[in-house]
There are 2 protein chains.
Amino acid sequence: MTLHRVTTTGRVVDLLREQILSGALPEATLLRQEKLAAEFGVSRVPIREALHQLEAEGLVTMQSHKGAVVSSLSIDDLEEVYEIRARLETWLLEQSMPLLAEQRYRKAEALLAQMVEDRRDELWSNLNWDFHATLYEPANRPQTLALVRKLYLNAYRHFPLPIRLTGSREKMNREHQVLLDLCRQGDVARASAHLEQHILMGARHLISRLKALRRQEGDAGRA
Amino acid sequence: MTLHRVTTTGRVVDLLREQILSGALPEATLLRQEKLAAEFGVSRVPIREALHQLEAEGLVTMQSHKGAVVSSLSIDDLEEVYEIRARLETWLLEQSMPLLAEQRYRKAEALLAQMVEDRRDELWSNLNWDFHATLYEPANRPQTLALVRKLYLNAYRHFPLPIRLTGSREKMNREHQVLLDLCRQGDVARASAHLEQHILMGARHLISRLKALRRQEGDAGRA
DNA sequence: TACAGAAAAATTGGATTCAATATTCAATTC
DNA sequence: GAATTGAATATTGAATCCAATTTTTCTGTA
């Protein structure tokens, strides 16, 4: 086990990624090298190395001699990301379901209970992922799981926190419970179909709210 | 349209990526900053920025204060990559098939003919991808297509050129023809199932050859 | 000879400096 | 007054320089 010694570049990458994914740095934010360097108390070199890394991750867009901005996702792109998730996560679930043990069901139920109780949005999003991941892990497809997680986080950040869950939390909780029940019954086909609907409907809900928000902003801009 | 002015870093990224994907820089190759800088006639700064970018793309692994190496893929990882491809490409095909027009069939057939005639391995691999992409494009899922392409190229490079196609080219050509026929008949279910088998069988063939190769190398190492 | 430890060399990480490009804004022209 | 040009400023891109870490080599000892 080689302990990856931390470098300045690595810390900057982690910090920026966290801030982008959390929404603290919303899309289209300009990332000035000098400003970031001053903020973190380092030179511009590690900042630039970090920006290049984040660009390859798709979180940042760089234009030579102009600057870096937090990358945006069009509504079409967003929808496609959810479709990819639906396609891959149903597969993970199908592979995983025959291997789900009682202990894992209990863990999933504990997460569900937490999601019903805890009202903090930020936490809910993490618990939501943990719940899904708990059901997928026995499939033993680490790359797929990592890919899907990346898509989940990257898409989620585009929603300003107040609107992320508005009006959908109870629905999501119910759907999660149904999914879990179907898994327990061992009905692979129905569980998979339900998961697909769960993801695609979630996408539709988010997109309609996002469109409403943009209309609103457009009006404000014109006024 | 903003013309992306080329930067040194960008050129280095493109060059290194091409060399890695083509197999010119095989896995586990050490990438010395100084050596690369001298080779390209630049300073180490753009080299390092490029390495960070390639690390995020998964083509390079960096260890702080030790160096960068061309990343490897375990056999399990390789198999999983092919499973992801199978899952996503069948989806692309299902979405695309109802929209396939005659012109596109002709293009696919032209590519097939080229693959039957041309014996150069390197070219065949490109034509192979072009054939698949031609069938998927009408699905209009650009991100998925880009993702699948990346997986294809990244997995392919792990096979030294001589063994990539040994003994499988004719089989692949036949399977491609069958796939095309099923598409023309509009049989979505069978076409999709055939594509899945095509991808998964291809994976199995490559993996068995790779295992044989590694055994051979292992024997040579002990001798 | 085999091994442990220290000095030397090689290599990477990061800061500073210089060069190239883009942006801003005032002066000028129509 | 609006559009345009060009100098001044700001920002990024890349080379050089210094520091920190790792690897290699050398040396002495059992």
Side-chain angles (χ1 to χ4, degrees), chain A residues 1-20 24-72 221, chain B residues 1-20 24-72 221:
Chain A
M1 180 61 196
T2 49
L3 193 64
H4 263 258
R5 176 179 302 281
V6 283
T7 64
T8 305
T9 299
R11 283 208 311 275
V12 173
V13 168
D14 289 342
L15 264 168
L16 281 180
R17 191 195 291 113
E18 193 275 328
Q19 294 194 15
I20 291 173
L25 290 174
E27 60 184 20
T29 304
L30 238 96
L31 300 170
R32 290 286 177 216
Q33 298 177 5
E34 199 79 54
K35 189 154 171 274
L36 293 173
E39 202 170 314
F40 296 142
V42 301
S43 84
R44 270 172 47 222
V45 174
I47 299 290
R48 292 185 45 171
E49 292 178 352
L51 288 177
H52 278 286
Q53 191 155 336
L54 292 170
E55 180 180 40
E57 290 181 23
L59 297 182
V60 155
T61 307
M62 295 180 80
Q63 266 199 322
S64 50
H65 290 102
K66 287 194 159 186
V69 296
V70 178
S71 66
S72 307
Chain B
M1 182 59 197
T2 50
L3 195 63
H4 262 260
R5 179 177 300 280
V6 283
T7 64
T8 304
T9 300
R11 282 207 312 276
V12 173
V13 168
D14 289 342
L15 264 168
L16 281 179
R17 190 195 291 116
E18 193 276 329
Q19 294 194 16
I20 292 173
L25 291 173
E27 60 183 21
T29 305
L30 240 99
L31 300 170
R32 290 287 178 215
Q33 298 176 7
E34 199 80 53
K35 190 154 170 274
L36 293 173
E39 200 169 315
F40 296 142
V42 300
S43 83
R44 272 172 45 223
V45 174
I47 300 289
R48 288 179 47 181
E49 290 177 351
L51 288 177
H52 278 285
Q53 192 156 337
L54 292 169
E55 181 181 40
E57 290 181 23
L59 297 182
V60 154
T61 307
M62 297 182 79
Q63 266 199 322
S64 50
H65 289 103
K66 288 196 160 182
V69 297
V70 178
S71 65
S72 306

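Remember, it's a predicted structure, so these values are computed and weren't measured experimentally. Numbers restart at 1 for each chain; the letters A, B, ... are given by sequence-line order, proteins then strands. Just so you know, these numbers use all the heavy atoms, side chains as well, and skip hydrogens, waters and symmetry mates.
None of A:L16, A:V69, A:I20 except one satisfies the side chain to side chain contact (heavy atoms under 4.5 Å, CB included) rule with A:V60; the exception is A:I20.
Within the structure, every side-chain polar atom (N or O) of B:T8 is placed at least 4.0 Å from both OP1 and OP2 of D:dG13.
If you take CD of A:Q63 and C1' of D:dT11, they are 14 Å apart, rounded to a whole angstrom. Taking atom CD on A:E55 and atom C1' on D:dG13, their separation rounds to 14 Å, with Å as the unit. Distance B:E49 CD to C:dG14 C1': 13 Å, rounded to the nearest Å. When the C1' atom of D:dA14 is taken as reference, atom CZ of B:R11 falls 12 Å away, rounded to whole Å.
Contacts with DNA chain C (heavy atom under 4.0 Å) in residues 39-47 of chain B: B:R44, listed by number. Near DNA chain C, defined here as any heavy-atom distance below 4.0 Å, there are no residues from residues 24-36 of chain A.
By the side chain to side chain contact (heavy atoms under 4.5 Å, CB included) test, B:Q19 pairs with B:L15, B:A24, B:L25, sequence neighbours left out. Checked against salt bridge (charged side-chain N to carboxylate O under 4.0 Å, His left out), B:E27 has the following partners two or more places apart in sequence or in another chain: B:R214. For A:A38, the side chain to side chain contact (heavy atoms under 4.5 Å, CB included) criterion is met by no residue, not counting sequence neighbours. A:S71 is linked by a side-chain hydrogen bond (donor to acceptor under 3.5 Å, both in side chains) to A:R157, counting only residues two or more places apart in sequence or in another chain.
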Would you tabulate the nitrogen or oxygen pairs shorter than 3.5 Å linking the protein to nucleotides 7-10 of chain C?
none

Please write out each protein N/O paired with an N/O of nucleotides 23-25 of chain C under 3.5 Å, distance rounded to 0.1 Å.
none

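Rounding to the nearest 0.5 angstrom, the gap separating the CG atom in B:L59 from the CG atom in B:L51 is 11.0 Å.
Axis angle across the helix from C:dT1-D:dA30 to C:dC30-D:dG1, with five pairs used at each end and values rounded to 10°: 10°.
Smallest separation of non-hydrogen atoms from A:S72 and A:A28: OG-N, 4.0 Å.
Using a 4.0 Å cut-off between a side-chain N of Lys or Arg and a carboxylate O of Asp or Glu, A:D14 and A:R11 do not qualify as a salt bridge.
Among residues at least two apart or in separate chains, side chain to side chain donor-acceptor pair (under 3.5 Å) pairs with a member in residues 44-53 of chain A are A:T9-A:E49, A:Q33-A:R44, A:R48-B:E49, A:E49-B:R48, A:E49-B:H52, A:H52-B:E49, A:H52-B:Q53, A:Q53-B:H52. Within the structure, salt bridge (Lys or Arg N to Asp or Glu O under 4.0 Å) contacts touching residues 28-43 of chain A (residues at least two apart or in different chains) do not occur.
For a distance-only test at 3.5 Å, the side chain of B:R48 qualifies as a donor-acceptor partner of the base of C:dG14.
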